[in-house]
There are 2 protein chains.
Amino acid sequence: MEMEGYYGKKSKWPKPMFWGLTAFLAAVGIGLGVIIGHFTAPKGPECAVPTPDSNVGSTPMPGVNVIDPINAANIEENLRYFTKVPHIAGSPAERSNAEYIRDKWIEQGLDSAKLVPYDVLLSYPNDTIRNKVSILEDGNEIFHSRLEEAVLRPGDDHPDVVPPFNAYSYQGEPEGDLVYANYARVEDFEYLEKTHSDIKLNGTIIIARYGKIFRGNKALNAQAAGAKGLILYSDPADYAIDDGDIKVYPDGWWLPETGAQRGNTFVSDAKGDPVTPGYPAKPFAFRIDDYDTALPKIPVHPIGYGDAQLLLGNMTGEEVIDEWKGHLPVTYRLGPGFNDSSRNVKMTIHTTRETRTTYDVIGFIRGEIEPDRYVVIGNHRDAWVYGAVDPSSGTAAFMEVSRVFGELRKSGWKPRRSIVFGSWGAEEYGLLGSTEFVEEFQRVLAARAVAYINVDSAVTGNYSLSVKSTPLLYQAIYAASKKVPDPEDLSTSLYDTWRDRLPADANDPNTLPRVSNLGAGSDFAPFMYRIGVSAVDLRYRYDPSLGISSYPVYHSVYETFYYMKTFLDYDFLRHQAVARLWAEVARDLAESVILPFDCTDYVTKITGSMDTVRTAYEAQMAAQGITFDYIYSALANFSAAATEFEKVISQTDMKDLMALRRVNDQLMQLERAFIDPLGLPDRKFLRHIVFAPSSKNYYAADAFPGIVDAMYRIDEALDQDARWDIVKQQMAVTTHAIQSAVSTLQDVLAFDG
Amino acid sequence: MEMEGYYGKKSKWPKPMFWGLTAFLAAVGIGLGVIIGHFTAPKGPECAVPTPDSNVGSTPMPGVNVIDPINAANIEENLRYFTKVPHIAGSPAERSNAEYIRDKWIEQGLDSAKLVPYDVLLSYPNDTIRNKVSILEDGNEIFHSRLEEAVLRPGDDHPDVVPPFNAYSYQGEPEGDLVYANYARVEDFEYLEKTHSDIKLNGTIIIARYGKIFRGNKALNAQAAGAKGLILYSDPADYAIDDGDIKVYPDGWWLPETGAQRGNTFVSDAKGDPVTPGYPAKPFAFRIDDYDTALPKIPVHPIGYGDAQLLLGNMTGEEVIDEWKGHLPVTYRLGPGFNDSSRNVKMTIHTTRETRTTYDVIGFIRGEIEPDRYVVIGNHRDAWVYGAVDPSSGTAAFMEVSRVFGELRKSGWKPRRSIVFGSWGAEEYGLLGSTEFVEEFQRVLAARAVAYINVDSAVTGNYSLSVKSTPLLYQAIYAASKKVPDPEDLSTSLYDTWRDRLPADANDPNTLPRVSNLGAGSDFAPFMYRIGVSAVDLRYRYDPSLGISSYPVYHSVYETFYYMKTFLDYDFLRHQAVARLWAEVARDLAESVILPFDCTDYVTKITGSMDTVRTAYEAQMAAQGITFDYIYSALANFSAAATEFEKVISQTDMKDLMALRRVNDQLMQLERAFIDPLGLPDRKFLRHIVFAPSSKNYYAADAFPGIVDAMYRIDEALDQDARWDIVKQQMAVTTHAIQSAVSTLQDVLAFDG
């Protein structure tokens with residue numbers, strides 16, 4: 001799953017009411033509920049599972065009720081099951097979980113459930129030569145980093161725990177001088193180059209802290225700078241903030257010094273399996289040589305901040321500026337090298353790249369009236385270790401959602417449209433399972449999939465609902481979240497707390513809740529960016545004003561059931577709320593006679609995004625003779641078409657099946673209108689013209705990425721003419737995409753001719 | 001339009017019964033009907049327009065009758081109108097014809113008709129510096145080719161006649177030694193290289209005869225060989241065969257020595273406008289520099305065989321082999337150069353490339369039940385000169401088809417699905433009008449277009465119906481052609497004559513008529529190859545056993561109304577038959593409750609095509625470890641899915657609108673399953689995996705082009721490893737495409753897992 005947080009910005013949100021309170025403990029049922037500083041006012045142990053009539057509001061619920069039957073205790077039980085053993089992609093445990101889910105789905109009442117295997121390129125630490133980072137003195141190792149994370153609680157020491165590593169790291173044993181590069185962002189390397197041109201990065205080993213951006217981008221940046229290797233560590237500034245009374249696992253939610261963040265380094269740009277770009281990794285597949293791909297060409301390795309302290313504390317060179325300083329008790333220096341010149345650093349990395357089978361599980365409830373329209377809901381199943389947050393909190397919720405739909409199905413209910421359940425494999429390696437599935441069924445999914453609703457980690461904190469979505473589904477999510485009771489205060493709704501804690505505009509008393517653009521941090525990416533299936537990502541998260549990029553123990557061995565129950569969701573009501581929202585949005589999409597899509601929100605959103613682009617670049621573009629007129633003319637057409645189309649919908653005879661199918665097809669295809677088969681410049685599998693993962697940070701999402709990327713510091717580009725040509729072309733491509741949305745909203749061919 | 005004929009093969013068809021008879025004249029009505037040798041037994045002047053009850057067979061016609069009202073006399077009148085003045089693309093005449101058609105369609109009763117402009121790169125002879133080919137003696141011009149074709153009949157001399165030229169030729173005045181290269185095919189240049197390596201082609205000017213392959217491929221081949229220029233001429237062996245009593249225009253249908261074939265040299269690979277690949281040439285478009293494109297980089301110019309005789313008759317070098325000899329009364333020699341070494345050849349080519357506006361006209365009859373399903377019928381409107389054959393015979397038929405549908409519409413009739421009428425501009429420059437239209441509306445057409453039925457030249461001879469088609473529509477065409485009376489014998493059907501004269505298998509008494517694969521010679525190409533809209537091309541043609549590549553006066557000034565009426569279709573009954581078939585297929589597609597598509601024919605066709613590929617390459621591939629097993633497994637799945645789907649169709653409740661829509665969507669989308677967004681290797685806009693225009697001859701069609709092209713003489717390739725990788729990848733891509741067809745025929749997601 002992806003990181004959260006507000007990369008590089010300090011939060012503008014008001015801190016929650018109870019934020020200033022010190023942590024306190026409360027015994028809750030049989031579990032131990034540790035309410036730490038970021039935990040917002042719990043109502044205490046009486047906040048039990050709501051009764052069936054606890055729904056907020058008095059509006060009668062249309063269709064079946066999928067909210068009330070969703071039960072926190074079941075989810076807790078599910079999570080306990082899924083976190084018993086490590087279940088990394090490609091392992092026997094991943095497969096046995098897949099089989100368990102398949103069997104469960106059949107038992108729960110789904111119409112079918114099957115395993116779908118893909119033979120993908122995965123990556124593991126070498127069995128015999130352990131990965132490590134060493135300090136050499138006159139060529140002799142005087143220190144090496146931990147070979148595995150310390151076991152801090154009984155039961156965390158399953159033999160299948162995979163030591164910390166970065167998947168797809170290049171193999172090698174580079175030695176060199178260490179240079180500190182902050183977060184290893186583009187701007188960090190630019191800063192080094194501009195202010196410290198005496199530090200030659202070529203041949204050095206970069207040490208950089210995790211956070212802010214996707215680690216794969218860090219690897220590419222270090223590689224581009226000429227480094228021989230990259231050491232990533234979790235600085236306490238980002239993973240164990242000392243707020244006066246710091247508590248690390250198992251005493252608190254912060255990362256202990258022995259923890260290290262696993263994670264893959266492949267900037268996949270929606271390719272999926274690195275060696276079968278564009279096509280499913282089936283037995284008939286053709287595999288390209290792996291060095292032809294975007295995989296890193298330098299060793300990359302993660303360490304904890306205990307080990308990092310030894311490396312950083314012995315460095316020489318200039319002291320770093322304040323923004324570059326972490327929270328370790330050392331003087332942060334740039335390097336190059338150690339203060340003892342007889343010493344240097346060596347990485348010993350023998351991480352493999354090997355083809356293994358990963359499994360998707362696909363469940364299906366056949367729609368009664370429109371079986372060939374699919375509402376897809378999904379979650380990945382593979383975890384780096386126990387994965388109590390990522391993704392098993394989502395998997396636990398998913399199995400409860402499927403249970404409720406299965407029960408309904410058993411009782412004779414059939415949705416109007418089909419519901420497809422996807423339990424994805426190998427998400428952690430670059431969304432492989434979901435992407436291969438999308439690749440295999442790209443034609444039928446593009447023709448039939450109504451929407452995709454993703455939950456990766458269901459709960460990463462206890463602050464608020466957090467939503468990423470296509471604008472088309474804002475209203476559906478608002479509506480559903482108003483029906484779901486708030487996990488802390490049953491008298492109010494999930495929506496209310498969400499709006500209060502994550503307002504779109506804190507200065508506006510009538511604000512809507514904030515919904516972010518989709519990045520590429522989870523399995524919604526291939527649906528949204530490859531084939532234009534409207535997508536949503538749901539979770540319950542920690543307070544973004546903490547300024548951290550993920551929950552602290554992210555991808556470490558400490559992501560355990562104990563961690564979840566003790567620090568994040570002691571009563572599983574946040575899980576329950578996310579599961580209820582997920583089920584209700586799916587139900588709405590599967591049952592509504594007219595799809596709950598709002599075209600006007602899309603118009604508003606992309607017009608606002610384009611205004612931002614115009615404000616940033618209009619003057620520069622005007623100097624090149626580039627006008628925004630065509631784009632704004634297309635946006636005006638889109639606005640008029642959306643208004644007109646809403647009128648068509650409102651006048652549609654609800655008994656005229658063909659008319660309903662027609663307007664629903666138009667709604668379904670609206671997102672597809674933004675898909676360009678040629679893709680973005682240099683990123684051909686990212687084909688959505690309006691939204692894409694940022695090329696600078698694969699986790700984040702840019703609006704109008706083709707234009708924004710081409711304009712990025714264009715005045716400093718070496719090949720400005722070529723760059724301006726790309727800008728001009730992307731302005732035209734964008735105009736055409738918006739005009740295609742206009743055509744989609746018209747059921748006959750209409751021309752301005 | 002494209003060339004016809006059987007490129008490089010001698011026909012296997014039996015000659016028609018009356019082929020051996022000498023030509024005879026017959027006065028027919030007020031016209032002069034000249035029945036030449038290739039004309040088959042006419043029934044004489046009593047072959048009038050059939051009466052309404054003249055339909056063949058006793059099966060009651062479902063739906064409205066669009067066959068009987070189609071009237072030969074109207075078509076004749078239309079052709080007279082459209083051939084009055086030259087109407088080259090980008091000219092005022094092209095625009096005024098567009099406006100005429102738009103107004104006519106409104107008057108005829110269509111629901112709407114509009115002009116759709118595109119600003120595309122066109123090409124014309126320079127107004128002041130005339131194009132020519134000269135012989136220089138010691139640097140002085142002693143001869144130059146005709147600046148324009150001779151006027152051989154009063155009235156053929158309109159001031160707007162554009163002199164012969166090759167559109168998009170590079171400008172230049174190269175001088176050099178002449179080398180004769182037969183048809184300038186790949187194999188011709190290979191022959192030269194292998195058997196005459198002493199002839200260095202670099203810097204020479206190639207003279208080659210027209211025919212066998214698309215002239216754009218000739219230009220690319222000459223350019224690749226290093227030639228500075230290419231002179232194309234029409235040899236009598238291909239355009240004026242001396243069968244004992246040769247008659248050239250205006251006395252017969254053969255090409256006179258003063259005629260030259262205009263034509264474009266752009267191998268577009270479905271790009272459309274050369275400078276806006278992938279996107280519509282609208283005001284917002286971005287245009288690439290034209291030298292970045294596939295346009296030729298050498299001058300190319302067409303001359304008649306009168307002028308060619310002077311060039312060829314004075315050449316030196318070895319005499320050519322028999323297969324290279326044409327029918328001019330000279331000794332054909334390879335060169336290089338003239339027998340008088342003080343002489344050489346010079347080309348003076350100042351053909352422009354300029355952006356002009358071309359117009360599509362789009363007419364629309366809104367469907368009653370499924371307005372968002374489009375049956376598209378189209379014809380191009382632009383002609384090199386008068387275009388009596390190409391395309392105005394098609395345009396004349398088109399206006400009669402639209403008249404009949406308009407009359408029905410006026411009477412209150414509405415089809416189930418919408419009918420879209422497309423009158424395309426600038427087809428002669430590389431299918432520009434149709435391709436830009438497909439590019440502009442690619443999303444909605446891919447979602448909604450049921451089929452595209454093209455007629456370019458309706459009549460190029462009087463021998464038989466000639467059909468190119470996707471296998472999906474074979475049955476629909478057979479059925480419709482059985483309802484249309486034969487133009488020569490009203491007691492029989494168009495189908496019967498077609499089957500008799502162009503049998504698929506002459507040795508099989510139960511043979512079906514022959515249907516060819518689609519090439520890329522007309523406007524069906526962007527529909528079929530870019531977005532996977534099932535396409536058909538219809539015409540009435542001359543006898544293929546003639547072995548010629550086109551009707552003789554193709555693209556010359558002699559393509560006049562007089563030519564059509566005198567030599568090809570004196571009573572316009574062949575036009576009438578094509579128009580009737582066109583209208584009936586369109587009606588069937590627009591009215592049938594279940595689309596008249598046959599999946600089993602697709603299975604049979606592509607299995608047969610794959611058998612051919614396997615026979616040709618299995619041994620070579622096996623040596624590389626490549627198996628056909630996956631493809632044949634996918635084909636078996638396809639066969640089973642088609643059989644199962646036919647059962648589903650047969651069991652569909654004809655009153656269940658949603659079920660009908662569902663199976664119709666699957667039928668519509670079957671062709672789309674073969675579209676790969678990544679396109680063919682090096683030809684990314686050709687995206688159909690099963691069929692594509694041949695990379696060696698853009699007119700012809702290959703099955704499984706990705707595989708076949710990669711295998712082409714692979715043992716002689718310089719980069720064999722890379723070529724084998726492409727073969728392996730294309731085998732996988734093909735398997736995936738066939739599996740996608742399987743998924744398309746299943747309304748739920750089905751897995752082999």
Side-chain angles (χ1 to χ4, degrees), chain A residues 112 114-117 278-280 282-286 288 359 362 364 366 369-372 374 418 420 439-444 447 630-631 633-634 657-658 661-662 665-666 669 672-673 675-678 684 687 725 728-733 735-736 739-740 743-744 746-749 751 753, chain B residues 112 114-117 278-280 282-286 288 359 362 364 366 369-372 374 418 420 439-444 447 630-631 633-634 657-658 661-662 665-666 669 672-673 675-678 684 687 725 728-733 735-736 739-740 743-744 746-749 751 753:
Chain A
S112 70
K114 282 184 179 162
L115 259 58
V116 186
Y279 303 97
K282 303 302 287 182
F284 60 74
F286 171 71
I288 59 177
Y359 296 87
I362 305 298
F364 199 83
R366 186 184 167 96
I369 300 171
E370 299 185 78
D372 59 340
Y374 307 153
S418 295
V420 177
E439 288 181 334
E440 180 166 8
F441 296 99
Q442 56 188 282
R443 276 87 157 180
V444 292
Y630 294 119
I631 285 180
S633 165
L657 290 178
M658 285 307 229
R661 175 83 167 203
R662 187 161 68 242
D665 276 3
Q666 290 171 278
Q669 287 158 358
R672 309 289 198 275
I675 292 292
D676 185 328
L678 298 181
K684 68 180 172 185
R687 312 194 310 162
D725 273 355
K728 289 173 190 167
Q729 198 215 18
Q730 289 299 310
M731 292 291 281
V733 164
T735 305
H736 182 222
Q739 276 298 139
S740 296
S743 306
T744 298
Q746 294 163 335
D747 65 358
V748 297
L749 282 168
F751 311 99
Chain B
S112 71
K114 281 184 177 163
L115 259 56
V116 186
Y279 303 97
K282 301 302 289 182
F284 60 74
F286 171 71
I288 59 177
Y359 296 88
I362 305 296
F364 201 82
R366 186 183 167 96
I369 299 171
E370 299 184 80
D372 60 340
Y374 307 153
S418 295
V420 176
E439 288 181 335
E440 180 167 9
F441 296 99
Q442 55 188 283
R443 276 88 156 179
V444 294
Y630 295 119
I631 285 182
S633 164
L657 288 178
M658 286 307 229
R661 176 81 166 205
R662 187 161 69 244
D665 276 3
Q666 288 171 278
Q669 287 158 358
R672 309 292 198 269
I675 292 292
D676 185 327
L678 299 180
K684 67 180 174 185
R687 312 195 309 164
D725 274 356
K728 290 171 190 170
Q729 197 214 22
Q730 289 300 309
M731 292 291 281
V733 164
T735 306
H736 183 224
Q739 277 298 139
S740 295
S743 307
T744 298
Q746 294 162 334
D747 65 357
V748 298
L749 282 169
F751 310 101

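Treat the numbers as computed from the prediction; the structure is a model and nothing was measured. Chain A is the first sequence line, chain B the second, and so forth, proteins listed ahead of strands; every chain is numbered from 1.
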Portion of A/R672 that has a non-hydrogen atom of chain B nearer than 4.5 angstrom: backbone
Non-hydrogen atoms of A/G278 and A/E439 that approach each other most closely: N-OE2, 3.1 Å
A/R366 and A/D372 ion-paired at < 4.0 Å: no
Closest non-hydrogen atom pair, A/S418 against A/P371: OG-O, 2.7 Å
Interchain contact, B/Y374 with chain A, by part (heavy-atom threshold 4.5 Å): side chain
Greatest number of heavy atom pairs closer than 4.5 Å to chain A - which of B/A285, B/P283, B/A634, B/S633: B/P283
Contacting moiety of A/F286, where chain B heavy atoms sit under 4.5 Å: both
Interface moiety of B/F284 toward chain A, non-hydrogen atoms closer than 4.5 Å: both
Region of B/Q729 in contact with chain A, defined by heavy-atom distances below 4.5 Å: both
Heavy-atom closest contact (A/P677 atom, A/R687 atom, distance): CA-NH1, 3.7 Å
Pair B/S740-A/R443, side-chain donor/acceptor within less than 3.5 Å: yes
Contact leader toward chain A among B/Q739, B/M658, B/H736, where contacts are heavy-atom pairs under 4.5 Å: B/H736
When B/V733, B/I631, B/D725, B/T744 are compared by non-hydrogen pairs under 4.5 Å with chain A, the top option: B/D725
Carboxylate-amine/guanidinium contact B/K684 B/D676, below 4.0 Å: no
Interface moiety of A/Q730 toward chain B, non-hydrogen atoms closer than 4.5 Å: neither
Main-chain N/O of A/P117 paired to A/K282 side chain as donor or acceptor, under 3.5 Å: yes
